[in-house]
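From a predicted model like this one, the values you see are computed outputs, not experimental measurements. If you read the sequence from its start, that first residue is 1, and numbering goes on from there.
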Amino acid sequence: MALLTYLKSLFILQLLMGFVFVVSGLIINFIQLCTCILWPINKQLYRRINCRLSYSLWSQLVMLLEWWSGTECTLYTDQATVDKFGKEHVIIILNHNFEIDFLCGWTMCERFGVLGSSKVLAKHELLKVPLIGWTWYFLEIVFCKRKWEEDRQTVFQGLNRLKDYPEYMWFLLYCEGTRFTEKKHQISMQVAESKGLPKLKYHLLPRTKGFTTTLQCLKGTVTAVYDVTLNFKDNQTPTLLGIVNGKKYKADMSVRRFPVEDIPDNEQDCANWLHKLYQEKDALQELYNKEGKFPGPTIIPHRRPWTLLNFMFWATLLLSPLINFACGVVVSGSPLLIIGFIIFLITASVAIRRLIGVTEVKKTGSSYGDQEAKKQN
């Protein structure tokens, strides 16, 4: 066990895994670009192919969580709700407190067969991130600048385009708009006080415009809203870097299902419904902090082998020529080749570290409240 922990901490192994992810991602992005010729001919075929291609990339990250770090994910919900997973179009509302909250969400998507078709209302800056933003572009992800005057037309067009999506999709919304920090929370609660809304202890005030717009546009397509509240055992603060180093976490996710017909149609009533939902989420977090668990029965969905098999396929395909090339460089004894290869390794490690940095709390998020407080919905 100690040997396995040591091997997971080796930089060279982490670099090789990063190499596989980056190079396979570039190959997948190129294939996605080639599939664009299908769009005017057969839009649904284009979508199905891109769902599989995106699965092949995202499942490598899920593999890190499930197989490399061995992180456990427990659901707190009833069997009737679980029976509907992967069998309907839904909107997911997830709290945004942790660096790997998206990865825990993707893990559940994978276990119920909707990872490739999962969607998100993403900030426009992510479109420029290599691999992630490019893959999302081909998946018809809706990007927004969080300025409603500029986003209105783009968001409506993007959401309406998804109405006839051929595969069951889980559409993720971070209604808080940015990741939770103490500074942002303080500003957010000032906004809540100015609007006469109840204060939240563990969440930021939800921005209702994204939710009400998404629900309005996808009504008739989505059949339910899943409220997911995530926390970790023993006050763990998980990071993607910790996952890469093989650190094991224990995630708990409370899932509640709300049929769309039970949510008000009127925009203001719908916004009030969302505020009430976040008050309930806050109460759930308070209970979790006191008792170390969420209420209700627990279900642990089994991890599937496909993420591991997918990674092994790409590793076999890409690492063999890399290792052969590295051996050739060493055997050649050429200082120029050796220096060039070292520069390549350094560049690759920096690039991978920058990709990991996209998830870090201290390096992400908006300047919440500074300019946007007056626009808070």
Side-chain angles (χ1 to χ4, degrees), residues 28 32 35-36 38-39 42-59 61-62 73 75 77 81-94 96 101-123 126-127 132-144 151 154-175 210-228 230 253 255-261 263 274 301 304 306-307 310:
I28 288 169
Q32 287 181 305
T35 64
C36 288
L38 292 174
W39 180 269
N42 191 329
K43 181 173 68 174
Q44 303 297 39
L45 177 61
Y46 164 89
R47 286 170 160 173
R48 292 183 188 279
I49 291 174
N50 275 277
C51 282
R52 273 74 186 166
L53 290 171
S54 67
Y55 174 87
S56 189
L57 184 60
W58 302 146
S59 65
L61 296 178
V62 173
C73 293
L75 297 180
T77 190
T81 298
V82 173
D83 289 342
K84 293 182 179 293
F85 287 178
K87 299 174 183 177
E88 58 181 350
H89 296 294
V90 299
I91 294 172
I92 306 285
I93 297 176
L94 179 63
H96 206 7
D101 45 32
F102 76 97
L103 199 48
C104 293
W106 274 357
T107 295
M108 289 300 109
C109 287
E110 199 289 321
R111 295 185 187 188
F112 293 100
V114 292
L115 176 60
S117 58
S118 61
K119 308 294 179 188
V120 64
L121 187 61
K123 57 184 179 182
L126 291 176
L127 180 58
I132 298 173
W134 300 346
T135 303
W136 275 352
Y137 174 81
F138 292 113
L139 269 180
E140 304 170 75
I141 294 299
V142 182
F143 293 95
C144 63
D151 289 333
T154 303
V155 170
F156 271 103
Q157 288 178 347
L159 291 172
N160 285 325
R161 195 163 52 235
L162 296 176
K163 284 184 175 180
D164 62 342
Y165 210 77
E167 310 241 340
Y168 288 123
M169 62 178 175
W170 285 7
F171 196 105
L172 172 64
L173 288 178
Y174 288 118
C175 294
F211 174 71
T212 58
T213 301
T214 302
L215 190 61
Q216 175 188 348
C217 290
L218 294 181
K219 211 152 198 179
T221 300
V222 300
T223 55
V225 171
Y226 294 170
D227 170 50
V228 183
L230 171 67
M253 307 172 78
V255 183
R256 300 182 296 163
R257 182 182 183 275
F258 298 91
V260 166
E261 54 268 22
I263 302 173
L274 183 65
R304 307 194 304 174
W306 310 123
T307 57
N310 174 73

Between [X] and [Y], is there a donor-acceptor pair closer than 3.5 Å when you use the side chain of the first and the backbone of the second?
| X | Y | value |
| --- | --- | --- |
| T221 | K163 | yes |
| T135 | I132 | no |
| S118 | W170 | no |
| R257 | A224 | no |

Quick one: closest heavy-atom pair of [X] and [Y], and the distance?
| X | Y | value |
| --- | --- | --- |
| C73 | P301 | O-CD, 4.1 Å |
| V90 | E88 | CG1-CG, 3.5 Å |
| L274 | F211 | CD2-CB, 3.8 Å |
| G116 | L139 | O-CD2, 3.6 Å |
| E167 | S117 | CB-CB, 4.0 Å |
| L159 | C217 | CB-CB, 3.6 Å |

So how far is it from [X] [atom1] to [Y] [atom2], rounded to the nearest 0.5 Å?
| X | Y | atom1 | atom2 | answer |
| --- | --- | --- | --- | --- |
| F143 | L126 | CZ | CG | 7.0 Å |
| D227 | T77 | CG | OG1 | 10.5 Å |
| S59 | N310 | OG | CG | 3.5 Å |
| N50 | T35 | CG | OG1 | 4.0 Å |
| L38 | R48 | CG | CZ | 13.0 Å |

Is there a side-chain contact between [X] and [Y], using heavy atoms and a 4.5 Å cut-off?
| X | Y | value |
| --- | --- | --- |
| W58 | L103 | no |
| L57 | L53 | no |
| F102 | V120 | no |
| L173 | I91 | yes |

**Prompt:** Listed by chain and number, what are the side chain to side chain contact (heavy atoms under 4.5 Å, CB included) partners of Q216, not counting sequence neighbours?
**Reply:**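 Once residues adjacent in sequence are excluded, the partners of Q216 under the side chain to side chain contact (heavy atoms under 4.5 Å, CB included) criterion are F156.
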**Item:** OH (Y168) with more than 12 external heavy atoms under 6.0 Å
**Value:**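 No, not enclosed.
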**K43/D164 under side chain to side chain contact (heavy atoms under 4.5 Å, CB included): CA gap, chis, key distance, verdict** = CA-CA 10 Å; K43 181 173 68 174; D164 62 342; 3.2 Å; yes
**Asked** Just one of I93, I92, L121 clears the side chain to side chain contact (heavy atoms under 4.5 Å, CB included) bar with L172, so which one?
**Response**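 By the side chain to side chain contact (heavy atoms under 4.5 Å, CB included) criterion, L172 pairs with just one of I93, I92, L121: I92.
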**Asked** Can you check side chain to side chain contact (heavy atoms under 4.5 Å, CB included) on V222 and F171, steps first, answer last?
**Response** CA-CA 9 Å; V222 300; F171 196 105; 5.7 Å; no
**Prompt:** Checking side chain to side chain contact (heavy atoms under 4.5 Å, CB included) for the pair V142/W136: CA distance, chi angles, key distance, verdict?
**Reply:** CA-CA 9 Å; V142 182; W136 275 352; over 6 Å; no
**Message:** Centre-to-centre under 6.0 Å for F138 and W134, is that the case here?
**Reply:**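 Ring-ring flag for F138/W134: false, centres at least 6.0 Å apart.
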**Ring-ring centroid check F85 Y226, cutoff 6.0 Å** =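 Judged by ring-centre distance (under 6.0 Å), F85 and Y226 do meet the cut-off.
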**Request:** Check the pair M108, V255 against side chain to side chain contact (heavy atoms under 4.5 Å, CB included), reporting the backbone distance first and the verdict last.
**Result:** CA-CA 11 Å; M108 289 300 109; V255 183; over 6 Å; no
**Message:** So, applying side-chain hydrogen bond (donor to acceptor under 3.5 Å, both in side chains) with Y165, which one of Q44, H89, K119, R47 is it?
**Reply:**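 Answer to the side-chain hydrogen bond (donor to acceptor under 3.5 Å, both in side chains) test with Y165 among Q44, H89, K119, R47: K119.
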